[in-house]
Amino acid sequence: ACGKDDKADKNKKTDNKTAEKTENDLLAKVKDDGKILIGTEGTYPPFTFHDTNGNLTGFDVDLAEEVAKRIGVKAEFKETQWDAMFAGLDAKRFDMIANEVGIRPDRQEKYDFSDPYITSAAVLVTNKSNTKVKSFEDIKGLNSAQSLTSNYGDMAKKYGANLVGVDGFQQAVELLAQNRVDVTINDKIAYLDYTKQKPDAPIKIVATGEDASSSGFMFRKKSDTLVDSVNKALKDMVDDGTYKKISEKWFGVDVLK
Amino acid sequence: MISIKGLHKQFDQLEVLKGIDLEVGKGKVVVVIGPSGSGKTTMLRCLNVLEIPTKGIISIEGNSLDFSKNVPKKSIAVFRRLTGMVFQNYNLFPHRTALENVMEGPVVVKGMEKSKAREKAAALLQKVGLGDKMDYFPSQLSGGQQQRVGIARALAMEPEVMLFDEPTSALDPELVGEVLRVMKDLAQEGMTMIVVTHEMRFAREAADEVIFMDGGVVVERNKPEEIFINPKEERTRKFLNMIQ
Amino acid sequence: MISIKGLHKQFDQLEVLKGIDLEVGKGKVVVVIGPSGSGKTTMLRCLNVLEIPTKGIISIEGNSLDFSKNVPKKSIAVFRRLTGMVFQNYNLFPHRTALENVMEGPVVVKGMEKSKAREKAAALLQKVGLGDKMDYFPSQLSGGQQQRVGIARALAMEPEVMLFDEPTSALDPELVGEVLRVMKDLAQEGMTMIVVTHEMRFAREAADEVIFMDGGVVVERNKPEEIFINPKEERTRKFLNMIQ
Amino acid sequence: MYLNSIFADPERTARLMDIAKTSLQPMLEGAIMNTIPLTIISFIVGIILAVLTALARISQGKVLRGIAGVYVSAIRGTPLLVQLFIIFYGLPNVGITLDPFLSAVIGFSLSIGAYASEIIRAAILSIPKGQWEAGYSIGMTYAQALKRIILPQAARVSVPPLSNSFISLVKDTSLASLVLVTEMFRRAQEIASRNYEFLLVYTEAALIYWVICFFLSVLQQYMEKRLDRYV
Amino acid sequence: MYLNSIFADPERTARLMDIAKTSLQPMLEGAIMNTIPLTIISFIVGIILAVLTALARISQGKVLRGIAGVYVSAIRGTPLLVQLFIIFYGLPNVGITLDPFLSAVIGFSLSIGAYASEIIRAAILSIPKGQWEAGYSIGMTYAQALKRIILPQAARVSVPPLSNSFISLVKDTSLASLVLVTEMFRRAQEIASRNYEFLLVYTEAALIYWVICFFLSVLQQYMEKRLDRYV
Ligand SMILES: Nc1ncnc2c1ncn2[C@@H]1O[C@H](COP(=O)(O)OP(=O)(O)OP(=O)(O)O)[C@@H](O)[C@H]1O
Ligand SMILES: Nc1ncnc2c1ncn2[C@@H]1O[C@H](COP(=O)(O)OP(=O)(O)OP(=O)(O)O)[C@@H](O)[C@H]1O
Ligand SMILES: [Mg+2]
Ligand SMILES: [Mg+2]
């Protein structure tokens with residue numbers, strides 16, 4: 001680097017500084033832009049899905065929108081598949097993920113989470129005609145349809161089931177109905193939504209897990225400023241009853257705990 | 001003995017053969033001449049049943065097909081083996097060597113043992129002067145050599161009559177001679193032959209009879225020395241003037 | 001005036017032209033004969049610069065290219081327009097009508113206005129006797145007609161010299177005449193022509209000189225009446241015997 | 001059994017009919033707004049790229065030939081999904097952040113460019129050398145002969161295989177949802193994930209694709225006929 | 001910037017390197033156990049189907065031609081994903097329940113059968129009529145001429161476009177995960193869904209695909225050369 005390049009170097013440094021600033025202060029950036037980019041699947045009812053008019057809606061969507069409002073920015077949702085959601089967050093195409101993402105230690109290694117906003121139990125689901133499986137202990141050696149993206153797979157493995165990888169709950173149910181697998185472990189709320197839509201589905205809950213798991217909004221690491229204000233907004237919502245209203249709208253009960 | 005009676009061939013609207021009658025005695029050599037489009041090729045193709053005539057009867061050595069009725073595929077395949085066809089542009093199988101080209105018929109159609117077929121094919125290639133080119137692919141042979149392989153391939157099926165459709169017209173002038181020589185040898189050995197060609201040397205030296213076709217009919221037939229020097233028909237005279 | 005000096009052409013190992021020297025006066029007609037592989041086509045292609053000679057000098061009407069040095073692409077394109085080439089197998093553009101084939105050069109290469117080019121092309125087609133076939137595609141024309149379109153296409157570029165590579169050898173015998181007639185007319189109008197052909201009638205009637213090539217060199221050159229009746233070289237005599 | 005159960009249960013039949021009806025509009029919207037424009041734009045850009053690549057691959061220049069060769073091999077050798085992934089989620093890491101639609105166009109064009117270049121290369125090589133020479137002999141340059149003589153004839157032989165590519169592209173655009181383009185199949189997924197009738201809704205989407213592809217194959221036949229005019 | 005950030009952060013670099021290393025084995029396993037066998041079996045079955053379809057489409061029989069035409073149109077016109085979906089999740093509704101691997105083989109074979117039939121049909125039609133006639137003239141039947149004369153020559157012209165299909169198939173097998181076949185890309189998804197490095201792991205999978213496709217294109221070149229022997 002001779003003299004001539006010095007100036008360019010200097011420019012770069014200052015550039016870097018501003019970049020660093022916005023990088024460390026995501027909240028400031030979001031406020032600057034007046035909008036928060038939220039990644040979501042849009043195909044996971046009742047959390048994030050499209051209503052009959054084609055509009056994106058759901059529990060996570062409503063919550064995220066309310067949070068954005070309280071931060072004072074517009075919520076802009078970006079819909080894509082599960083894998084692309086993570087890559088999109090890494091690539092800074094989204095600031096936050098609102099997709100009922102379970103808070104798990106391995107995820108916390110790479111990402112930041114908000115405080116949990118929902119707690120749900122795991123349920124063991126079988127075909128209606130199945131009389132043998134009565135508890136989680138019974139699934140040892142049986143085939144369990146599990147999505148790659150959920151923590152229920154680990155649970156099934158823990159109880160000794162053989163995992164059959166599927167892309168979502170719907171596929172698992174299809175396999176159960178056709179007796180191609182024996183069981184699936186999944187989110188109780190998702191199960192309830194499914195049976196509401198398809199009351200004649202030949203499936204039933206045979207057991208409910210004791211330890212419930214909780215989900216939250218997900219962020220890139222070092223998003224502290226944004227996470228803090230999101231947490232604050234969440235807390236305010238719980239305090240002033242907004243959260244309860246949204247929860248009851250979707251589930252009829254309060255699902256926070 | 002070959003006999004053609006009332007042979008007609010129609011393509012869509014176009015009647016190409018308008019009633020051909022012809023008899024060729026065993027061992028005779030007939031040369032067919034005539035202007036382009038007069039139906040020479042079509043007649044040969046009908047004899048090899050590559051075209052199905054509209055009507056007419058063809059018989060070769062007692063086997064006969066009457067095309068006024070529906071002719072079953074099977075009898076066509078059988079009849080086809082009575083004639084050997086040599087094409088203007090050779091139509092050798094490009095993916096087979098000279099030897100394999102000649103063996104193909106005996107092995108596949110006649111079910112001859114490979115070793116026997118190979119022997120036979122080698123002898124035939126020897127006969128047409130290609131003893132040293134047996135393992136060459138067609139693309140590695142000159143036009144004259146390819147045409148001689150074509151002759152050997154047809155001979156391998158031991159046909160009653162050999163049909164030649166302008167066998168030398170795609171050849172360089174200096175390569176014409178080698179093919180004509182093989183054909184003359186065949187004639188001398190007593191092979192019955194019908195040859196469409198404008199090589200007057202061949203007609204003069206090897207033909208028993210020359211036939212002049214025009215507009216789908218046989219206009220004139222005569223000994224070569226007669227027809228060339230003293231054609232009876234005006235149309236024949238005009239045509240001969242044009243090509244000589 | 002065309003002059004070729006020390007023209008050599010080598011393909012990989014094979015030396016095809018081994019030093020050709022030739023001069024052709026303005027308005028003269030030269031016929032080139034010789035066995036297959038003797039280099040006749042290669043010589044014509046060198047004159048049209050479809051092949052780049054290994055060494056040698058070609059000059060046409062004062063423009064000259066020396067292939068001992070590196071010749072820029074641009075001068076090749078310019079030089080190419082001095083010669084018009086007529087191919088053995090016509091090489092017409094199949095996706096263009098007869099008229100469009102002839103217009104293509106003037107419009108695309110010379111940038112002539114379309115209407116003017118159309119007029120000119122029509123006149124040329126008239127001249128080669130195809131006034132009524134202008135809107136036909138090549139596939140709809142007989143070989144003789146296609147070859148005449150090929151001649152018109154070359155003439156449309158107003159070359160100094162016309163090169164013909166066996167222009168009639170792919171034609172049916174009765175179609176040969178119509179092409180030769182057009183060529184004879186051209187010769188009479190004073191076009192300089194180099195013609196590779198084995199049509200002895202044409203050589204006798206239209207050539208000022210006949211050149212016999214063999215093994216990449218000019219073996220003998222003479223007036224047609226001399227060379228056919230009384231060739232000086234043994235090789236020439238042998239060749240003439242074979243093709244006649 | 002399936003059909004049985006449908007007709008045995010009039011309520012279910014009605015539900016399915018209703019879903020089929022109401023899902024038609026959003027899917028068609030997705031097709032018209034995104035699937036079709038994406039397909040057409042990518043195909044056109046891809047074909048231009050393919051011609052250039054084909055020319056590079058048959059050119060004399062070794063460097064040019066090498067670059068084109070690596071491009072074709074890399075694109076043909078790796079999944080389109082990953083290519084789109086890299087364009088949309090990978091490039092921002094090196095400071096290039098592209099629009100969803102633009103990313104999709106780039107991804108699909110690169111893909112068509114690689115596959116079609118092989119087709120066009122073969123087609124160009126199948127035109128007899130004599131056609132080049134006839135062009136040269138009346139004084140044409142390489143570019144002129146290519147444009148006026150060779151490509152129009154190469155077009156004729158390439159129409160059927162290029163249609164194969166075109167028709168595949170129509171359906172491959174469903175990958176665009178990965179980069180946030182709401183094309184038709186994404187709509188189908190949205191609808192099915194709400195009512196869980198995946199089989200029905202996907203089949204309906206397949207039928208719409210079929211209609212589009214049918215029009216394309218009619219276009220193909222028309223082109224073939226038109227270009228065959230002179231044969 | 002990305003590269004910068006990787007090398008600026010040695011911990012992250014080490015993590016990525018480690019993921020890349022440990023994910024190689026399961027992916028290769030998926031490739032060897034499923035991706036490759038699935039590709040090869042489906043391609044062979046598909047080609048047989050394609051030849052039969054091509055023959056049906058150029059045959060005289062109107063019914064045969066019609067059936068073949070609808071088959072080709074339906075398969076080319078609809079997404080492979082939906083076809084697999086119907087085979088695996090739809091057929092049980094009418095009482096046909098198939099194995100995952102078998103379902104995948106059927107789906108991919110049907111697909112190759114349709115696309116390749118167009119290629120083979122064009123190749124057969126490109127063999128000069130004189131070759132059929134030369135076969136007939138020495139007494140061959142249709143079947144004999146086809147097998148001994150026409151198909152071997154058609155093979156030559158079809159190798160490049162069929163390789164296109166083959167290479168596409170390698171990557172299309174990633175759809176097999178939909179019907180529960182754990183092929184390579186599924187493995188990649190499993191791995192990435194544990195460590196969330198989708199971009200890295202997918203790119204690694206793409207490289208493995210590339211290697212497989214590279215071998216295929218070497219095979220293609222060998223076949224082309226072998227079949228070009230006599231030209
Ligand atoms: N398959 C076909 N369909 C339609 N017309 C045909 C067919 N084959 C030949 N013809 C027509 O039949 C007529 C006679 O053709 P044929 O080839 O028998 O003549 P030829 O005497 O052999 O002519 P040439 O000397 O040019 O070979 C021509 O007008 C030709 O166009
Ligand atoms: N592009 C090429 N590469 C290699 N060899 C070639 C090429 N073109 C021609 N030759 C060889 O050059 C020699 C002369 O060929 P040329 O075509 O000039 O002969 P010719 O006198 O025109 O013969 P014919 O009468 O057969 O047309 C032949 O041996 C030929 O094989
Ligand atoms: Mg004929
Ligand atoms: Mg020549």
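Hydrogens, waters and symmetry mates play no part in the numbers below; they use all other heavy atoms, side chains included.
Remark: A:K188 NZ is loosely packed, at most 12 non-hydrogen atoms of other residues, nucleotides or ligands lying under 6.0 Å away. Residue A:E76 qualifies as enclosed at atom CD: its count of foreign heavy atoms under 6.0 Å is above 12. By the neighbour-count criterion of 12 heavy atoms within 6.0 Å, atom NZ of A:K128 is densely surrounded, having more than that number from other residues, nucleotides or ligands. Atom NZ of A:K204 sits in a crowded spot, with more than 12 heavy atoms from other residues, nucleotides or ligands closer than 6.0 Å. Counting non-hydrogen atoms of other residues, nucleotides and ligands closer than 6.0 Å to CZ of D:R226 gives a total of 12 or fewer. Heavy-atom contacts from other residues, nucleotides or ligands closer than 6.0 Å to CZ of A:F251 number more than 12. Crowding of D:K62 atom NZ: a count of heavy atoms from other residues, nucleotides or ligands under 6.0 Å not exceeding 12.
Using a 4.5 Å cut-off between heavy atoms, D:T22 makes no contact with chain A at all. If you measure heavy-atom distances from A:E174 to chain D, you find no contacts under 4.5 Å at all. Looking at D:T97, both its backbone and its side chain come within 4.5 Å of chain A, counting heavy atoms on both sides. Proximity to chain D involves both the backbone and the side chain of A:D83, based on heavy atoms less than 4.5 angstrom apart. With a 4.5 angstrom heavy-atom cutoff, A:F94 touches chain D only via side-chain atoms. With a threshold of 4.5 angstrom between heavy atoms, D:R187 does not approach chain A through any atom at all. Contact annotation for A:F169: neither backbone nor side-chain heavy atoms come within less than 4.5 Å of a heavy atom of chain D.
For the pair D:P92 and A:K92, the minimum side-chain heavy-atom distance is 4.5 Å or more.
Atom CZ of residue D:R194 and atom OG1 of residue A:T43 lie 12.0 Å apart, to the nearest 0.5 angstrom. Within the model, atoms CG of D:L180 and CD of A:Q81 stand 9.5 Å from one another, a figure rounded to the nearest 0.5 Å. Put simply, CD on A:Q170 and OG on D:S193 are 9.5 Å apart, with the number rounded to the nearest 0.5 Å. Rounding to the nearest 0.5 Å gives a distance of 6.5 Å between CD of A:Q197 and OH of D:Y196. Here the CG-OG1 distance, from D:D18 to A:T52, works out to 10.0 Å after rounding to the nearest 0.5 Å. Between atom CZ of residue D:R15 and atom NZ of residue A:K198 there is a gap of 6.5 Å, rounded to the nearest 0.5 Å.
A:T80 places a side-chain N or O within 3.5 Å of a backbone atom of D:L178 that can act as its donor or acceptor partner.
With respect to chain D, the highest number of heavy-atom pairs below 4.5 Å among A:P46, A:A84, A:A91 belongs to A:A84. When the candidates A:D90, A:V173, A:D51 are compared by the number of heavy-atom contacts under 4.5 Å with chain D, A:D51 comes out ahead. The greatest number of non-hydrogen atom pairs below 4.5 Å with chain D, out of A:K78, A:H50, A:K196, is found for A:H50.
Smallest separation of non-hydrogen atoms from A:D200 and D:R12: OD2-CD, 4.1 Å.
Below 4.5 Å, heavy atoms of chain A meet heavy atoms from D:F85, D:F88, D:Y89, all part of residues 75-89 of chain D.
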